[in-house]
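Here's the structure we're looking at; comments come further down.
Chain A is the first sequence line, chain B the second, and so forth, proteins listed ahead of strands; every chain is numbered from 1. These numbers come from the heavy atoms of this one structure, side chains and all, not from hydrogens, waters or symmetry mates.
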Amino acid sequence: DQQVKQNSPSLSVQEGRISILNCDYTNSMFDYFLWYKKYPAEGPTFLISISSIKDKNEDGRFTVFLNKSAKHLSLHIVPSQPGDSAVYFCAARLNAGGTSYGKLTFGQGTILTVHP
Amino acid sequence: DVKVTQSSRYLVKRTGEKVFLECVQDMDHENMFWYRQDPGLGLRLIYFSYDVKMKEKGDIPEGYSVSREKKERFSLILESASTNQTSMYLCASKRSGGHGGYTFGSGTRLTVV
C-alpha cells in the first residue's frame with residue numbers, strides 16, 4: 001500500500017529547460033510535504049517543503065506546488081542545470097496529533113538527468 | 001561538518017551473521033530513524049526512536065531490531081542476516097516538533113552473501 005507515489009522512474013531534460021517532477025498521495029491526513037535530493041553514495045538532502053495549508057512555495061530555482069483536491073504535488077526546477085542530476089524523493093508527514101514523531105513516508109524516487 | 005555519521009560505507013556479511021549498523025548524530029536531536037532504500041521502492045522506514053531507550057516499529061521491522069542507549073547513537077541490528085536484506089541503509093535524525101526535515105547520514109551499502 002504505497003501512500004506516496006512517484007510514477008515516473010526517470011526524467012531527462014535539456015540544460016536550461018524546466019524539469020517537472022510529480023508526486024501523488026492517497027492519505028488526506030498528510031499535513032506537510034518535502035522534497036529530497038540524493039546523489040549516488042550520499043544520503044538524501046532536504047530541498048524544499050510545503051505545508052498543506054499552502055499551494056505554492058518557492059526557493060530560488062525550485063518551486064513546489066500542492067493541489068490538495070487532486071492529492072498531487074510537483075517540483076519545478078527552472079532553469080535546470082547538469083548539477084541537478086540526481087534522484088528526487090517526495091515525502092509526506094502524517095498529522096497524527098503529535099504521536100507521529102515527524103516520521104516521513106517517501107515515494108519511490110525519480111531519477112532526473114539534465115543534459116548539457 | 002558531518003552531522004549524522006554512519007560507521008561503515010560498505011559492508012559484506014554472510015547469511016546468518018548478526019550485523020550491527022551504527023549511527024551517531026551530534027545535533028542533540030530527539031528523533032532518529034532507520035530506512036532502507038531499494039530500487040523502485042524508495043525509502044522504507046524500518047524503526048524509529050523518539051527518545052533514549054524508546055523505539056517504535058516502522059513499516060518493515062521484520063528481521064530487524066534497534067538499540068538506543070544514548071541520545072546520540074541509534075543502532076540497527078540484523079539478528080540473522082539474509083540475502084533479501086541486501087540494501088542501502090540510511091540513518092536520519094530530526095529535532096522534535098517543528099517542520100524541519102531529516103538530516104541523513106551517507107548510508108551503508110550492505111551486501112549479504
Side-chain angles (χ1 to χ4, degrees), chain A residues 1-10 21 23-25 27 30-54 57 59 62 64 86-111, chain B residues 1-6 8-10 21 23-25 27 29-51 54-61 66 68 74 88-109:
Chain A
D1 176 20
Q2 190 85 22
Q3 297 189 61
V4 178
K5 292 182 181 180
Q6 294 175 255
N7 292 315
S8 298
S10 62
L21 296 103
C23 181
D24 297 298
Y25 62 95
N27 194 334
F30 288 138
D31 69 341
Y32 209 73
F33 302 89
L34 307 91
W35 284 93
Y36 283 83
K37 175 180 178 179
K38 185 181 185 300
Y39 292 117
E42 294 183 14
T45 54
F46 170 72
L47 195 55
I48 193 169
S49 62
I50 188 168
S51 166
S52 61
I53 63 173
K54 296 189 174 183
N57 188 28
D59 184 2
F62 303 92
V64 56
V87 180
Y88 289 78
F89 292 98
C90 68
R93 186 184 75 175
L94 189 67
N95 181 2
T99 61
S100 67
Y101 304 105
K103 64 177 180 174
L104 299 176
T105 300
F106 287 82
Q108 304 96 313
T110 297
I111 302 170
Chain B
D1 59 338
V2 176
K3 294 188 165 77
V4 178
T5 303
Q6 294 184 231
S8 303
R9 294 298 298 271
Y10 300 95
L21 303 183
C23 176
V24 176
Q25 51 97 2
M27 296 166 289
H29 284 171
E30 292 80 10
N31 301 331
M32 296 187 75
F33 308 83
W34 275 106
Y35 283 84
R36 61 178 282 178
Q37 181 196 354
D38 300 288
L41 297 176
L43 277 67
R44 293 179 293 165
L45 181 63
I46 305 170
Y47 266 97
F48 69 100
S49 169
Y50 54 90
D51 202 350
M54 307 305 289
K55 60 186 179 185
E56 292 279 342
K57 292 180 179 179
D59 300 317
I60 52 165
V66 290
R68 193 161 180 207
F74 191 35
M88 168 68 82
Y89 289 87
L90 293 160
C91 174
S93 71
K94 178 189 175 299
R95 190 173 303 285
S96 285
H99 300 304
Y102 295 173
T103 300
F104 278 93
S106 297
T108 297
R109 170 70 67 182

Stepwise, does the ring pair (Phe, Tyr, Trp, His ring centres under 6.0 Å) test hold for B:F104 with A:Y36? CA-CA 10 Å; B:F104 278 93; A:Y36 283 83; 5.6 Å; yes
What do the steps show when you test A:K103 against B:K94 for side-chain contact (heavy atoms from CB on, under 4.5 Å), and what is the final call? CA-CA 9 Å; A:K103 64 177 180 174; B:K94 178 189 175 299; over 6 Å; no
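- In this structure, chain A has no heavy atom under 4.5 Å from any part of B:Q6.
- In this structure, chain B has heavy atoms under 4.5 Å from both the backbone and the side chain of A:L104.
- When heavy atoms are compared at a cutoff of 4.5 Å, B:R9 approaches chain A solely by way of its side chain, counted from C-beta outward.
- With a 4.5 Å cut-off on non-hydrogen atoms, A:P9 does not touch chain B at all.
- Relative orientation of the B:Y102 and A:F106 rings is tilted, given thresholds of 30° and 60° on the angle between their planes.
- For the pair B:R109 (side chain) and A:A41 (backbone), a donor-acceptor distance under 3.5 Å is absent.
- Between A:P44 and B:L43, the closest heavy-atom pair is CG-CD2, 4.2 Å.
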Worked verdict on B:L41 versus A:Q108 for side-chain contact (heavy atoms from CB on, under 4.5 Å): CA-CA 5 Å; B:L41 297 176; A:Q108 304 96 313; 5.8 Å; no
